[in-house]
Amino acid sequence: MRISSMILGVAALVSSAAASTFTPAKPPAVPLAVRSPYLNAWLQGDSGCILPGSWPKFWTAQTQGWQGFVAVDGAVYNWMGAAPGPGTVNQVSLEYTSTRSVFIFDVGGKVTLTVTFLSPVYPEDLARQSQQFSYIDVKARSSDRASHSVQIYLDVSAELASGDLSQVINWDSGNSSAVSYLKFFRASQQEFAESGEIASWGNWYLATRAFNGMTWQIGADTVVRGQFVTNKTLKNTKDTNFRAVNDNWPVFAFSHDLGTVGDTFVERVFSLGIVQDQVINFAGTNGLAAVPGLWSSYYSDDISAVVAFYNDYPYAATHSANLDVQIKEDSLNAAGDDYATITTLTVRQTFGALQFAGTPSKPYIFLKEISSNSDIQTVDVIFPAYPILMYLNATMGRYILDPLFENQESGAYPNAWAEHDLGTFPNAKGYPAGNDEPMPLEECGNMIIMTLAYAQRTGDNAYLKAHYPKLSQWAQFLVEESLIPANQLSTDDFAGTLVNQTNLAIKGIIGLRAMSEIAQRTGNNDTFGSIAADYLQKWKGLAINTAANPPHTTLSYGDNSSHGLLYNIYADKLLGLHFIDQSIYDMQSAFYPTVALQYAVPLDTRHTWTKSDWEMFAAAVSSPSTRDMFIGKLAGWINNTSTNRAMTDLFDAATGGYPANGPTFVARPVMGGTFALLALPR
Ligand SMILES: *[C@@H]1O[C@H](CO)[C@@H](O)[C@H](O)[C@H]1NC(C)=O
Ligand SMILES: *[C@@H]1O[C@H](CO)[C@@H](O)[C@H](O)[C@H]1NC(C)=O
Ligand SMILES: *[C@@H]1O[C@H](CO)[C@@H](O)[C@H](O)[C@H]1NC(C)=O
Ligand SMILES: *[C@@H]1O[C@H](CO)[C@@H](O)[C@H](O)[C@H]1NC(C)=O
Ligand SMILES: *[C@@H]1O[C@H](CO)[C@@H](O)[C@H](O)[C@H]1NC(C)=O
Ligand SMILES: *[C@@H]1O[C@H](CO)[C@@H](O)[C@H](O)[C@H]1NC(C)=O
Ligand SMILES: *[C@@H]1O[C@H](CO)[C@@H](O)[C@H](O)[C@H]1NC(C)=O
Ligand SMILES: *[C@@H]1O[C@H](CO)[C@@H](O)[C@H](O)[C@H]1NC(C)=O
């Protein structure tokens, strides 16, 4: 009895020292600083989601040297990064919310260290949202009732500032309003150029409060980190030898001496991010021109922006806590815990693909497709992301659609259908030769549906009026092409072209029904409603295998053995059109569970692959039990997938792993589509 309880006690100690808990789930990757396409750092799942000993990675999986140490009574431990030397703290837990990743570490049984990575989201506040910065909040308290001497350390390497590691980096340091900052940037600034997806222009800043006991240093990684490890303080000096990123790796470091720490937390906050004057090269109404970062209308220069963001931390923390609660509660109320596990993981990923640009009187949101070729303003990537924008603040719909309208209304796009994208981020030059990736039916439907969804939620019928000529041009294309779709790509272009796609046809037909609504809202003659009604009747005759048990829509007309997710009927509910018969929703709800695999319903019969954004579109318009099946499977996937980078939307529904062609769709903003349930009109 005594011996076995002793053994149990030892086992419990060992396991508590080894395992971290994960709340609400263990994600494929943990967002660390994810605020824009260039501030996009993650802890990948191949670390086991254990931060001590692991380098943060850019969304491409490129290492971003970012090192954290803590010293307790003279003993130094590593809490982030893979620099050689000190042993690691023990990670006790990770919790993620919509805006925060919170790690709790045990430091030698003496101190609890809590590190919060906060990337705020401000759906209603352009000034605050326009900054490409994140917070790191580090706080320590005693965990054994004794007092301890505690120093903390944080550095970043120049890897953040250049994807080409042979580029020379320059640096500087300074103070403003009791905020100290370390600045670094490429000597050769190349506006609107990237290397390995990392911006080749702009200034990076690491900042903190200039408390007593704060020290800083810029120098070689081994020198600066070695200085902290041996002396627990830095030298307030900078190396004067400007050099390449990978030449004795310059790092930019701060340390805080927290003094003697007892049982109340002592807290220090850091901010990290990039400032760029011009952010997008855009062919708009008046031709190609550089668009300024929206931040520059609100802050007079880099340092004002850095200081304002840093000093705003108390507001950011409160605002973010409120937004976290709102999203969690709304998700719980809509469909329970599993749904909140999903939505809360996707918020930073979605906003991390957006660049806020322009001026307060003419703001733009530019979207980077991220991993799938990094196209800019791709209409069928905005479309799946759109639910989160409609849920959080529908005005953002206008900011993201405007660049597409302006480019096409300037006459710079020759095709009769809607443009697919505007180029490769950050160059939105459009396609004057009309040679964009053609998805004609898909994008005409998407543009009309998204424009109406925006106008319904904001009452902005003037927007519909202003763009009526383009909208009706696209609607005319749908009149000609939507019922019998030609051989073409849909948004799921990895599956190739197909003729007579059932799901694509219904998008076009709903687009026509939406155009009828737009005509009515703008006092135009509605020639579209009757055509939409006629097409829907005919579609029902072509799209359904009525003899199957249970019956279901097919992937393409007449291919009776095929099936697919009919996710485009979601738009009928998003727009409150009451156009599609309830019997069709019911039929699909009864069918999906019969073809579900372990982690999802396959997208269609060509593969066992699926797309989690479309799973959530289908879930949002399914019966409660089928909805819960979709959601339960996706939450299980999040917690158990073998994929290990920022949430991929494309995976194998049977294995939960990447499809055969690997991690091609990671970190994409389409995951905003998980808000499909919450974007529906109440
Ligand atoms: C996640 O997986 C772990 C290990 O399989 C399990 O213990 C835990 O309950 C799961 N959590 C959720 C939210 O599914
Ligand atoms: C939406 O955002 C705009 C700024 O873009 C703001 O003026 C407006 O108040 C916000 N609306 C809501 C409902 O938060
Ligand atoms: C801030 O100013 C003080 C006083 O001039 C100086 O000692 C310190 O090194 C400065 N900090 C940085 C980060 O440059
Ligand atoms: C070591 O730290 C002490 C303060 O703790 C400081 O006075 C001293 O200058 C430091 N030495 C070096 C070599 O940095
Ligand atoms: C597409 O469907 C229509 C209606 O069933 C049919 O007439 C046409 O032959 C189909 N096209 C092809 C290429 O199969
Ligand atoms: C609508 O149609 C009527 C009759 O065809 C025509 O007189 C009127 O000008 C049209 N209105 C608009 C706004 O096109
Ligand atoms: C497909 O199924 C329908 C009933 O839904 C049937 O009328 C049609 O003949 C079938 N087509 C083929 C090629 O078997
Ligand atoms: C998690 O993954 C393991 C290994 O692939 C599998 O055996 C298990 O069934 C999965 N659990 C869930 C809840 O999907």
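Values below: all heavy atoms of this structure, side chains included; hydrogens, waters and symmetry mates excluded. As the structure lists them, so they are numbered: ligands from 1, and atoms in each ligand from 1.
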#### Entry: Ring centres under 6.0 angstrom apart (Tyr364, Phe282)
yes
### Query
Among protein heavy atoms, which sits nearest to atom 12 (C) of ligand 4, and what does the distance come to when rounded to 0.1 Å?
Asn231 ND2, 3.2 Å
### Task
Provide, to 0.1 Å, the distance between atom 14 (O) of ligand 4 and the closest protein heavy atom, together with that atom's residue and name.
Gln227 NE2, 2.8 Å
### Query
Just which atoms of ligand 2 are under 4.0 Å from any heavy atom in Leu126?
5 (O)
### Task
Using a 4.0 Å heavy-atom threshold (strictly under), name the region of Lys232 that reaches ligand 4: side chain, backbone, both or neither.
neither
### Query
Any donor and acceptor pair, going by atom type alone, linking the side chain of Asn236 with main-chain N or O of Gln217 inside 3.5 Å?
no
### Message
Hydrogens and angles aside, do Asp628 and Tyr339 bring a side-chain donor and acceptor to less than 3.5 Å of each other?
### Response
no
### Query
For the atom pair CG (Leu234) and NE2 (His256), what is the distance rounded to the nearest 0.5 Å?
10.5 Å
### Query
Nearest protein heavy-atom contact for atom 4 (C) of ligand 4: which residue, which atom, what distance?
Thr233 CG2, 4.2 Å
### Task
Could you tell me the residue and atom name of the protein heavy atom closest to atom 13 (C) of ligand 1, and the distance to it rounded to 0.1 Å?
Pro24 O, 3.1 Å
### Query
Got the closest protein heavy atom to atom 3 (C) of ligand 1, with its distance?
Asn639 ND2, 3.5 Å
### Query
Which is it for Pro123 and ligand 2 at heavy atoms under 4.0 Å: side chain, backbone, both or neither?
backbone
### Query
So does Arg141 pair up with Glu267, basic N to acidic O under 4.0 Å?
no
#### Entry: Heavy-atom nearest option to atom 2 (O) of ligand 2, drawn from Asn393, Asp125, Thr395, Ile365
Asn393
### Task
Take atom 9 (O) of ligand 1 and look for protein heavy atoms under 4.0 Å from it; say yes if you find one, no if not.
no
## Note on the structure
atom 5 (O) of ligand 2: closest protein heavy atom, distance to 0.1 Å, is Tyr399 OH, 2.7 Å
### Query
Hey, what do you get for OG (Ser98) to NZ (Lys328), rounding to the nearest 0.5 Å?
10.0 Å
#### Entry: CA sep, side-chain torsions, deciding dist, call: Phe405, Tyr463, ring-ring contact (aromatic ring centres under 6.0 Å, His included)
CA-CA 11 Å; Phe405 278 116; Tyr463 195 73; 5.7 Å; yes
#### Entry: Top protein contact for atom 7 (O) of ligand 2, by heavy-atom distance
Glu124 O, 4.6 Å
#### Entry: Straight-line distance of Thr655 OG1 to Tyr599 OH, nearest 0.5 Å
8.0 Å
